[in-house]
Each structure stands twice: as C-alpha cells, then as structure tokens.
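Here the structure is a predicted model, which means the values were calculated and not measured.
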Amino acid sequence: GTPELTSDARLRLGNVWLTHGRLAEARAAFEHVGSDDPMAAMARWNLALVDLAEGRESGVEDCPIAVPARYTLQTLRRR
C-alpha cells in the first residue's frame with residue numbers, strides 16, 4: 001500500500017495544490033492534519049488561504065502563527 005504521509009508532507013503537497021489552483025485537493029490535505037498535531041496552526045493558516053482563494057472571508061486575521069508582512073489579509077485579497 002501507499003505509506004501514510006507526515007503532516008509536513010501533507011502541508012507541502014497542499015501548498016503545491018493551492019499554488020496550482022487545485023483547491024479541493026489542497027483543502028483535503030490541510031484538513032487531514034489533526035488538531036493535536038504540532039503543524040495544526042500552519043494547517044489552519046493554509047485552510048484560510050484556501051478560503052480566500054475560493055472568495056470567502058476567512059480566519060486569516062485570527063490565525064495563531066506569526067507570518068511575514070507580505071501575507072497580510074489585504075495583500076492576500078489582491079492576489
């Protein structure tokens with residue numbers, strides 16, 4: 001069978017899918033990261049990016065991780 005992907009690998013794969021506009025696949029990859037996983041905050045951030053890509057307001061501003069200024073909500077909305 002196919003080996004289980006680590007959370008880090010799921011986040012990387014989800015980011016590739018997000019970059020290529022494959023939003024359903026990206027969402028599925030990010031949602032697979034459990035809430036008790038050390039990468040959960042990053043997965044929540046990435047899910048917020050999927051929401052923005054789909055045209056929905058999201059929880060980007062409430063995300064519990066520090067992000068570079070180039071990733072502010074206003075900047076992301078312009079993409």
Seminar exercise, completed: dist Asn15:CG -> Asn46:CG (nearest 0.5 Å) comes out at 4.5 Å
For this session: Please name the pair of heavy atoms, one in Ser35 and one in Ala40, separated by the smallest distance, quoted to 0.1 Å.
Result: O-CB, 3.6 Å
Seminar exercise, completed: Scanning both residues in full, the closest heavy-atom pair of Ala26 with Gly14 reads CB-O, 3.4 Å
Problem set entry | Closest non-hydrogen atom pair, Phe30 against Leu11 | CE2-O, 3.6 Å
Exercise. To the nearest 0.5 Å, what is the distance between CG (Leu23) and CG (Leu52)?
Worked result: 11.0 Å
For this session: Mind checking the OG1-CG spacing from Thr6 to Asp37? Nearest 0.5 Å is all I need.
Result: 9.0 Å
Problem set entry | Under-4.0 Å salt bridge between Glu31 and Arg44 | no
Exercise. Roughly how far, to the nearest 0.5 Å, is the CG atom of Leu49 from the CD atom of Glu54?
Worked result: 11.5 Å
For this session: Examine Leu5 and Val16 and state if one hydrophobic cluster contains both, with Ile, Leu, Val, Met, Phe, Trp and Tyr joined whenever side-chain heavy atoms are less than 4.5 Å apart.
Result: no
For this session: Test side-chain contact (heavy atoms from CB on, under 4.5 Å) on Arg22 and Arg27 and set out the steps.
Result: CA-CA 9 Å; Arg22 295 177 61 179; Arg27 180 177 295 283; over 6 Å; no
Seminar exercise, completed: Note: Arg10 and Ala29 closest approach over all heavy atoms is O-CB, 3.6 Å
